[in-house]
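The next block holds one structure in the form of structure tokens; read it before the comments.
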Amino acid sequence: MDMSGKSVLITGASRGIGAATARAFAGAGARLVLMARDRDALEDLARDLDAVAHAGDVANFADMAAAVAAAEGRHGKLDVLINNAGVIAPIAPLAESDPSEWARAININLTGVYNGMRAAMPGMLAAGGGTILTVSSGAAHRANEGWSAYCASKAGAAMLTASADLEGRGKGVRAIGLSPGTVATDMQRDVKDSGVGAISRLDWSVHIPPEWPARALLWLCGPGGDAHLGGEVSLRDAATRAAIGLDMGAGA
């Protein structure tokens with residue numbers, strides 16, 4: 001997938017899937033604006049990739065709008081928004097969960113996705129189109145023990161993707177979700193350390209590398225994503241993995 005000349009904003013870009021996605025898109029020639037709260041890690045990565053670092057919190061609309069404005073101001077428009085920022089905490093039984101931590105997860109995982117769409121869509125509509133990709137999860141459709149905040153927020157984000165598609169597809173805006181399955185990142189280590197639920201007991205070898213969802217997100221920017229507008233692509237689906245060119249023998 002050639003992204004030469006395309007302007008791309010990636011949230012949660014300082015580590016994990018976000019950092020791997022930044023490297024994948026940089027390798028494809030994209031002009032990147034990277035957003036995350038960890039300024040030091042973000043600036044180190046941006047320096048390596050000749051990208052723009054924009055430290056901020058997706059849960060704050062002003063921060064999100066400023067990142068979109070930075071991409072539009074530097075590159076003329078924003079072609080692709082990747083809503084990747086997310087948190088797993090609190091991992092706890094619903095009846096014992098901390099209300100402030102629960103609300104924080106909703107603010108990042110759900111309101112953060114809304115903020116990204118709200119900030120990016122006006123410019124995309126004015127330009128005649130764009131692509132909004134949101135990292136989703138199987139947890140959007142299936143409850144997991146101790147994950148009430150994560151499941152609820154991802155379910156809401158999936159509906160935001162459907163809403164953006166309903167309102168934007170006829171005007172050139174492509175909205176798609178990606179459900180990567182379990183990925184070998186710091187978030188998955190937090191899950192394992194919690195000891196809560198079946199996923200925490202999975203062997204580390206079953207988790208896919210973050211480079212796989214990064215390649216999938218790149219693929220979704222092309223015609224392969226057109227069949228999934230308004231919905232989700234699952235990397236647990238063998239046919240999808242084959243279409244992207246991912247190794248079928250690992251991370252199932």
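We number each residue from 1, following the sequence as shown. Remember, predicted model here, so these are calculated numbers, not experimental data.
Note that CG of N107 and CG of N60 are 10.5 Å apart. Values are rounded to the nearest 0.5 Å. Annotation: the span from I132 atom CD1 to L229 atom CG amounts to 11.5 Å, rounded to 0.5 Å. Atom CG of L133 sits about 8.5 Å away from atom CG of N83, to the nearest 0.5 Å.
Looking at D79, its side chain never comes within 3.5 Å of a backbone N or O of G130 through a donor-acceptor pair. Without hydrogens or angle criteria, T134 side chain to S136 main chain gives no donor-acceptor distance under 3.5 Å. Here the side chain of T111 pairs no donor or acceptor atom with the backbone of A59 at under 3.5 angstrom. Side-chain atoms of T131 do not come within 3.5 Å of backbone N or O of R174 as any donor-acceptor pair.
Taking the side chain as every heavy atom from C-beta outward, V183 and H207 never approach each other to under 4.5 Å. Looking at H54 and D63, their side chains never come closer than 4.5 Å, going by heavy atoms from C-beta outward.
Here the closest heavy-atom approach between residue L218 and residue A28 is recorded as CD1-CB, 3.9 Å.
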Given the rule in the side-chain contact (heavy atoms from CB on, under 4.5 Å) test, do L34 and E43 qualify, once you have shown the distances and angles that lead to the verdict? CA-CA 9 Å; L34 308 180; E43 290 181 346; over 6 Å; no
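Y150 is linked by a ring-ring contact (aromatic ring centres under 6.0 Å, His included) to W147, counting only residues two or more places apart in sequence or in another chain.
The cationic atom of R241 (NZ for Lys, CZ for Arg) does not lie both less than 6.0 Å from the six-membered ring centre of W212 and within 45° of the ring axis.
Between E232 and S179, the side chains place no donor N or O within less than 3.5 Å of an acceptor N or O (distance only, hydrogens not considered).
The salt bridge (charged side-chain N to carboxylate O under 4.0 Å, His left out) contacts involving residues 98-109 comprise nothing, where partners must be two or more places apart or lie in separate chains. Pairs passing the salt bridge (charged side-chain N to carboxylate O under 4.0 Å, His left out) check and including a residue from residues 120-140, sequence neighbours excluded, do not occur.
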